[in-house]
Visitor: 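I have a structure here, written as C-alpha cells, and I will follow up with some questions on it.
In this chain, residues are counted from 1 in sequence order. Note that the structure is predicted; figures quoted are calculated from it, not measured.
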Amino acid sequence: MSGYFDLMQVCTNGHVITDNAASLPHFRRPFCSICGESTITACPVCQASIPGEYHVPGVLVLSGATSTAPNNCANCGVAFPWRQASLASAVEILEMDLEGQDAVDAAALVPLIATENPKTELAALKLKRLMSKMTKPAYDVAIKVVSDLASETAKKMLGMKP
Ligand SMILES: [Zn+2]
Ligand SMILES: [Zn+2]
C-alpha cells in the first residue's frame, strides 16, 4: 500500500500553518496568525512543493498543523527563508562582538555547525574557541542563537547538551 505526501504551508519565519494544504485547503492562510508574515507552499528558488503529511490511502486525516518546517529544500538544497534568517542572526551576533579575522572565521563556521557533516566537530571546536573571546552579554545571546541552529554533534562539542 503506497501513500503520498500532502503539501505544507509555512510562513517565511518558519511557523507551520498546515501540513495538509492540498487535502484540507480550508486550513490554508495567506498570512501567519503568529507573526504576520506571508506564507509559502513551495521553495522560493526551485518552486518544488514543500512536502506535508504522509497519507496512507484509507486513513482519515484529522490534524491541522503537526510537523515542523524543514531546514532546506529537498529538491535544490537551498536553505528556506526561516533557516537563512537564523543563520544570518548567528553570523550577525558573532560579527558584532568579535574582531577582524576572528569575526570572519566565526561567520564561516556557522554553516558547518548547522548540519551534520565531516567538518562539524572541528568547526564546533573552533567556534567554541572564538566564542570564548566574546564579551559576556554578547556570548549569552550568541550561545542561544547558535544552539537553536546547531546540529546535535555541534551542540555536544559546544557544551550545549541539554
Ligand atoms: Zn509566522
Ligand atoms: Zn528548492
Visitor: Would V110 and V91 satisfy side-chain contact (heavy atoms from CB on, under 4.5 Å), going step by step from the backbone distance to the final call?
Guide: CA-CA 7 Å; V110 169; V91 167; 4.0 Å; yes
Visitor: Under 4.5 Å between side-chain heavy atoms, hopping through other hydrophobics if needed: is there a path connecting L7 to F27?
Guide: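 No, because L7 and F27 fall into different hydrophobic clusters, even though each may have its own neighbours under 4.5 Å.
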Visitor: Would you call M131 and L94 a side-chain contact if the rule is heavy atoms closer than 4.5 Å?
Guide: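 When only atoms from C-beta onward are counted, L94 and M131 do touch, with a gap below 4.5 Å.
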Visitor: Surrounding CD of Q84 (heavy atoms of other residues, nucleotides or ligands, distance under 6.0 Å), is the total greater than 12?
Guide: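 Enclosed: over 12 neighbouring heavy atoms sit under 6.0 Å from CD of Q84.
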Visitor: At what distance, to the nearest 0.5 angstrom, does OG of S147 lie from NZ of K155?
Guide: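 Output value for this atom pair is 5.5 Å.
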Visitor: Does E95 reach the side chain of V104, with side-chain heavy atoms less than 4.5 Å apart?
Guide: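 A side-chain contact is absent here, since even the closest heavy-atom pair is not under 4.5 Å.
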Visitor: Is any side-chain heavy atom of L127 less than 4.5 Å from a side-chain heavy atom of I113?
Guide: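 Heavy-atom side-chain distance check passes, below 4.5 Å.
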Visitor: What side chain to side chain donor-acceptor pair (under 3.5 Å) pairs are there with at least one residue in residues 107-117, not counting sequence neighbours?
Guide: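 Side chain to side chain donor-acceptor pair (under 3.5 Å) check on residues 107-117 returns T115-N117, E116-S151, E116-T153, N117-T120.
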Visitor: Looking at K133 and D102, is there a salt bridge between them, counting it only when a charged N and a carboxylate O are closer than 4.0 Å?
Guide: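 Looking at K133 together with D102, the answer is yes, because their closest N to O distance falls below 4.0 Å.
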Visitor: If you apply the rule side-chain contact (heavy atoms from CB on, under 4.5 Å), what do you find for F80 with N71, and how did you get there?
Guide: CA-CA 6 Å; F80 282 121; N71 290 334; over 6 Å; no
Visitor: Check the hydrophobic clustering (I, L, V, M, F, W, Y; side-chain heavy atoms under 4.5 Å; chains of links allowed) and say if M96 and V141 are grouped together.
Guide: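 Yes, because M96 and V141 connect within a single hydrophobic cluster, where side-chain heavy atoms sit under 4.5 Å apart.
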Visitor: Between R83 (side chain) and L149 (backbone), is there a donor-acceptor pair under 3.5 Å?
Guide: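 Present.
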Visitor: Look up atom CD1 in I93 and atom CD1 in I143, then write down how far apart they are to the nearest 0.5 Å.
Guide: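 Between I93 CD1 and I143 CD1, I get 11.0 Å after rounding to 0.5 Å.
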Visitor: Let me check something: do F5 and V56 share a hydrophobic cluster, defined by ILVMFWY side-chain heavy atoms less than 4.5 Å apart, either directly or through other members?
Guide: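 Looking at the clustering, V56 is in the same group as F5.
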Visitor: Work out which heavy atom in A154 is nearest to a heavy atom in A150; give both atom names and the distance.
Guide: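 Where A154 meets A150 most closely, the heavy atoms are CB-CB, 4.0 Å.
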Visitor: Any luck finding a side-chain donor-acceptor pair between N20 and E53 under 3.5 Å?
Guide: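 Side chains of N20 and E53: pair found under 3.5 Å.
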Visitor: Drop me the distance from I17's CD1 to I40's CD1, to the nearest 0.5 angstrom.
Guide: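 Atom-to-atom, I17:CD1 and I40:CD1 are 10.5 Å apart.
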Visitor: How far apart are the closest heavy atoms of A21 and D6, and which atoms are they?
Guide: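 Minimum heavy-atom separation between A21 and D6: N-OD1, 3.3 Å.
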Visitor: Check the surroundings of atom CD in E121: do more than 12 heavy atoms from other residues, nucleotides or ligands lie under 6.0 Å from it?
Guide: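 No.
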Visitor: How far does SG of C73 sit from CD of Q47, to the nearest 0.5 angstrom?
Guide: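 Between C73 SG and Q47 CD, I get 9.5 Å after rounding to 0.5 Å.
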Visitor: Are M8 and P70 packed together at the side-chain level, in the sense that at least one heavy-atom pair is separated by less than 4.5 angstrom?
Guide: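 When only atoms from C-beta onward are counted, P70 and M8 do touch, with a gap below 4.5 Å.
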Visitor: Under a 4.0 Å threshold between the charged nitrogen and the carboxylate oxygen, would D140 count as salt-bridged to K136?
Guide: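 Judged by the 4.0 Å cut-off on N to carboxylate O distance, K136 and D140 do form a salt bridge.
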Visitor: So, Q9 versus T39: side-chain donor-acceptor pair below 3.5 Å or not?
Guide: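 Indeed, the side chains of Q9 and T39 share at least one donor-acceptor pair under 3.5 Å.
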Visitor: Give the minimum heavy-atom separation between C32 and C11, together with the two atoms involved.
Guide: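 Between these two residues, the closest heavy atoms are CB-CB, 3.4 Å.
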Visitor: Any heavy-atom pair between the side chains of P30 and S38 that's under 4.5 Å?
Guide: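 Sidechains of P30 and S38: no contact.
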Visitor: To the nearest 0.5 Å, what is the distance between CG (L112) and NZ (K119)?
Guide: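 Reported to 0.5 Å precision, the distance equals 6.5 Å.
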Visitor: Which pair of heavy atoms, one from L130 and one from A106, lies closest together, and at what distance?
Guide: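 Looks like CD1-N, 3.6 Å.
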Visitor: Is the shortest side-chain heavy-atom distance between C76 and C43 below 4.5 Å?
Guide: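 SC-SC contact between C76 and C43 confirmed.
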Visitor: Just jot down the salt bridge (charged side-chain N to carboxylate O under 4.0 Å, His left out) partners of D97, sequence neighbours excluded, or say none.
Guide: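 Salt bridge (charged side-chain N to carboxylate O under 4.0 Å, His left out) list for D97, sorted by chain: empty.
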Visitor: In the structure I gave you, are the side-chain heavy atoms of L24 and T18 within less than 4.5 Å of one another anywhere?
Guide: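 Result no, sub-4.5 Å side-chain heavy-atom pair not found.
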Visitor: Rounded to the nearest 0.5 Å, how far apart are SG of C46 and CG of N75?
Guide: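 With rounding to 0.5 Å, SG (C46) is 4.0 Å from CG (N75).
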Visitor: For V10 and A69, work out which heavy atoms get closest and say how close.
Guide: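 Where V10 meets A69 most closely, the heavy atoms are CG1-CB, 3.7 Å.
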Visitor: Of all heavy-atom pairs between M134 and A142, which one has the smallest distance, and what is that distance?
Guide: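 Minimum heavy-atom separation between M134 and A142: CE-CB, 3.7 Å.
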